[in-house]
Amino acid sequence: MAERVEASVTEGESTIEERDREAMREFEEGLDQPMDEEANMLKNTNKEKGLSMWMLLRLSFQSLGIVYGDLGTSPLYVFYNTFPDGIDDSEDVIGALSLIIYSLLLIPLIKYVFIVCKANDNGQGGTLAIYSLLCRHANVNLIPNQQRSDEDLTTYSRTSVAEGSFAAKTKNWMESRHSKKRALLVIVLLGTCMMIGDGILTPAISVLSATGGIRVNNPNMSSDIVVLVSVVLLIGLFSMQHYGTDKVGWLFAPIVLIWFLFIGATGIYNICKHDTSVLKAFSPTYLYFYFKRRGRDGWISLGGILLSITGTEALYADISYFPLLAIQLAFTLFVFPCLLLAYCGQAAYLVNHKEHYKDAFYASIPESVYWPMLIVATGAAIVGSQATISCTYSIIKQAVSHGCFPRVKIVHTSKKFLGQIYCPDINWILMIGCITVTASFKNQTEIGNAYGTAVVVVMLVTTLLMVLTMLLVWRRHWIFVLVFTVLSLAVELSYFSAVILKVNEGGWVPLIIAAICLLVMFVWNYVTVKKYEFEVHSKVSMSWILGLGPSLGLVRVPGIGLVHTELASGVPHIFSHFITNLPAIHSVLVFVCVKNLPVYTVPEEERFLVKRIGPKTFRMFRCVARYGYKDLHRKDDDFENKLFDNLFSFIQTETMMESDSNYSPYSFNHRKESRDELIRNNNNHGSNDNNMFMFSSMVDYTESTIVPADSPHSAMSLSQNYTVEEEEEEEEEEEDELEFLKICKETGVVHIMGNAKVKARKGSLLPKKIAIDYVYRFLAKMCRANSAILHVPHETLLNIGQVYYV
């Protein structure tokens, strides 16, 4: 009889266990499903296979306004900058046209549209996007705040390299010395600074060239009137930026489409009317004859030829708006032919009218369409300028996320599109720069020289970064990389040598702009890295925290304290500074780390990582909020409530995990040991933190155990059975802790932030003292505080003053 009862009990336990396993399996599947959907959604964001031909054509049309506005307005000023002193021989026009044709073929079409644009970070382009891509494939980030859990993000894509391969050797070479990492960052920042200079020079030359057409029918008009009209248009352009492009963006593509159709049709008209023989410029032999005939002057004229491909660097930075295939179709089938026709048409006109070299574009237009062309040209110039300005905002946002630029105010201008942002401070700086350049130079030649210098430096930087991308990310054979590098540098260094000769004729402007921006970025990044290193070296040990006991040696008052820190692991020095100077601390403490990762975005459900610090009685947690370089801290994000939602979810998940560990063979032998005994035993064993088994009363506090609160990886299978009484006790304990946290939240939440003052150490060199004590201090006063970035209410903010000597 006893045997039957025992068998029945065993059978019943087995049935309950199977039922629990089945229920848990369904629960895990429910947790997995949303994450899989998000992963698939993110992976398919830039997937082009599912696009129909009609959709591709539609996106190609829309890309005209955003991507090709700057490149499309180049015909306004190329020939004037190529022949600033006049045209001596008609054959020179054919040679210049041949240079323009092959420049458009080699740089925008082959290099950028079909090679460089493929080196994107999940659809994001630009020098900083490539840098983020390299940071994921090699340890070249100067701020080592990444954790292993960050690699589990659905947007954290990277490929592994085989040991002993050329890519692995390159990776080891890059990681071997700190100076190489800093040199890479300087190269990236140089390209970024030149792009910022591009944001000043593009509106200046585009608008000035477009409005210069009003003098064609009025030769006696003063150039000051043209400058005045340009300045008024620039002021209006920058004053409208806070409205964003969402409200007028639908006009961009039609305007640029009409512009390309106009210049293409005008080109055909001029070729047929004036000289069809200009088509012989497609023969590369005219390149040789051009340089042989003109010599040094022909080489210097490359600075003007370079302007025919300006806007290509902005094309690469703006690829995030559209699928790559749509951009390739738009350029290959429409933009490229229209540009060729426009330049051929101007050349045909100049062959017979050499005296009109200053206003070749407007002079070659049929009189019947002169005024419509002037209006469309002005609209296209504004659209091209708008695209460059928006690109500059995006670059600044990326630089801030990488810790390379002071924190500035960033505003969303569209509820539909995440990428449409507005930076008020940067906007007015760009406007002042544009007006200063336009009013100072008053002509296209010197502005063109400055513009060309900025563009060619960005191209050179892109080529250098592409070499590393091909080796580390694409893992191409070194011979292919060598061929790409040699061909690219041969063309771009030729242009660079030409623009360098014009430094005293306006080429110094982007160099000054880049020098100022580079100083700001380098100093800010240098001090940011030093501050992080200081916090890492001065963080508080966990043994000291555990030694204080549950009360932390203080009075625990009702409420929740959110201690903001740069550290993703460990207890910051600001906390010890706080508790040694104040007699009380909040009942619940959450160490909050807002961390920027080298990814373009972090999905909302993967943003927060939560864990417990120390025993449950300590009521201490850590929350890491992760952001990509395209993510923004919006006021309506409700950061605080999302943090608490994830904290509550973590406690519920933790309780579920404990219910399984209570019945594991190892934890069963130690179930009745006290918390102090558990801590003492683990310390006596001297085991590594990563090998330490934490029981129901504690959670491992090493960085490798941080898990997303809603992640499927945080759930464990309930494979063992437990009694109803113990289950009820655990549920009551969970409810008690959750209820306690909710009460504390209602009592009050205080954001505790460090108000650190950075000073150079005694004995530091003079340049270091100037950089830290003067330049950085000025930038820190001018930039926005962390509390403003996170939209922390002023009445809940508590600043803790500290001095860092670095």
Side-chain angles (χ1 to χ4, degrees), residues 68 70-105 108 205-206 208-213 215-217 258-283 286-287 290 294 298 301-311 335-370 372-374 376-378 380-381 384 444-445 448 452:
Y68 296 112
D70 188 8
L71 184 63
T73 54
S74 297
L76 287 168
Y77 42 77
V78 170
F79 277 107
Y80 173 47
N81 285 272
T82 304
F83 302 105
D85 300 322
I87 302 172
D88 298 327
D89 190 344
S90 298
E91 290 297 314
D92 292 343
V93 178
I94 305 298
L97 176 61
S98 187
L99 281 170
I100 292 172
I101 291 171
Y102 284 98
S103 296
L104 287 170
L105 177 67
I205 191 171
S206 298
L208 184 62
S209 300
T211 55
R215 294 186 63 192
V216 175
N217 282 355
I258 295 172
W259 166 251
F260 277 116
L261 291 175
F262 267 29
I263 63 175
T266 304
I268 295 174
Y269 170 81
N270 286 326
I271 293 171
C272 297
K273 181 180 179 180
H274 298 290
D275 192 355
T276 57
S277 65
V278 295
L279 297 178
K280 63 185 179 181
F282 282 88
S283 172
Y286 287 90
L287 300 175
Y290 179 78
R294 298 199 67 193
S301 69
L302 285 175
I305 302 295
L306 172 64
L307 297 181
S308 65
I309 57 175
T310 54
V335 175
F336 185 60
C338 288
L339 288 175
L340 291 181
L341 290 172
Y343 287 117
C344 289
Q346 286 188 53
Y349 179 82
L350 286 174
V351 166
N352 297 324
H353 303 84
K354 301 184 192 65
E355 68 279 4
H356 289 161
Y357 67 94
K358 287 187 177 181
D359 51 8
F361 177 80
Y362 283 107
S364 63
I365 297 172
E367 190 174 350
S368 58
V369 295
Y370 170 76
M373 183 67 88
L374 177 62
V376 175
T378 305
Q444 304 170 23
T445 304

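Everything quoted here is computed from the prediction, not taken from an experiment.
Remark: S98 engages no residue in a side chain to side chain donor-acceptor pair (under 3.5 Å) (not counting sequence neighbours). Evaluation of the side chain to side chain donor-acceptor pair (under 3.5 Å) rule for S301 yields Y290 as partners, not counting sequence neighbours. By the side chain to side chain contact (heavy atoms under 4.5 Å, CB included) test, L105 is found to be paired with Y102, L109, I110, F336, residues two or more places apart in sequence or in another chain being considered. Residues that satisfy the ring pair (Phe, Tyr, Trp, His ring centres under 6.0 Å) test with Y68, not counting sequence neighbours, are F331. Every residue two or more places apart in sequence or in another chain that forms a side chain to side chain contact (heavy atoms under 4.5 Å, CB included) with S90 is listed here: V351, K354.
Using a 4.5 Å heavy-atom threshold, the side chains of P108 and I309 count as touching. Between L340 and Y343 the shortest side-chain heavy-atom distance does not fall below 4.5 Å. Residues V78 and Q346 form no side-chain contact, since every pair of their non-hydrogen atoms from C-beta on lies 4.5 Å or further apart. Contact of the K358 side chain with the F83 side chain is not registered, since no non-hydrogen atoms from C-beta on lie closer than 4.5 Å. Between L99 and L287, the closest side-chain pair of non-hydrogen atoms falls below 4.5 Å. Inter-residue side-chain proximity for F282 and L97 is flagged as unmet; no heavy-atom pair is nearer than 4.5 Å. Within the 4.5 Å cutoff, no side-chain heavy atoms of S206 are placed close to those of L76. Between S103 and L306 the shortest side-chain heavy-atom distance does not fall below 4.5 Å.
Atoms OG1 and CH2, from T378 and W259 in turn, are 9.0 Å apart once rounded to the nearest 0.5 Å. Note that CG of N270 and OG of S364 are 4.5 Å apart. Values are rounded to the nearest 0.5 Å. If you take CZ on F79 and CG on L307, they are separated by 12.0 Å, rounding to the nearest 0.5 Å. Of the inter-residue distances, the one linking R294 atom CZ with D88 atom CG reads 7.0 Å to the nearest 0.5 angstrom. Note that CG of L104 and CG of L339 are 6.0 Å apart. Values are rounded to the nearest 0.5 Å. For the atom pair CD1 (I94) and CG (D275), the distance works out to 6.5 Å, reported to the nearest 0.5 Å.
Heavy atoms only, all atoms of each residue included: C272 and T276 are closest at CA-CG2, 4.3 Å. Residues Y362 and A377 approach most closely at OH-CB, 3.4 Å, considering heavy atoms. Scanning both residues, C344 and L279, for their nearest heavy atoms gives SG-CD2, 4.3 Å. Across every non-hydrogen atom of I263 and P75, the tightest pair is CD1-CG, 4.5 Å. Taking each heavy atom of I365 and V369 in turn, the nearest pair found is CG2-CG2, 3.5 Å. Contact record, H274 with A348: CB-O, 3.4 Å, taken as the closest heavy-atom pair.
If you check the side chains of T310 and S74, you find a donor sitting under 3.5 Å from an acceptor.
Residue pairs meeting the side chain to side chain donor-acceptor pair (under 3.5 Å) criterion with at least one member in residues 77-87, sequence neighbours excluded: Y80-T445.
The existence of a salt bridge linking K280 and E91 is confirmed by a sub-4.0 Å separation between a basic side-chain nitrogen and an acidic carboxylate oxygen.
Remark: E367 CD is loosely packed, at most 12 non-hydrogen atoms of other residues, nucleotides or ligands lying under 6.0 Å away.
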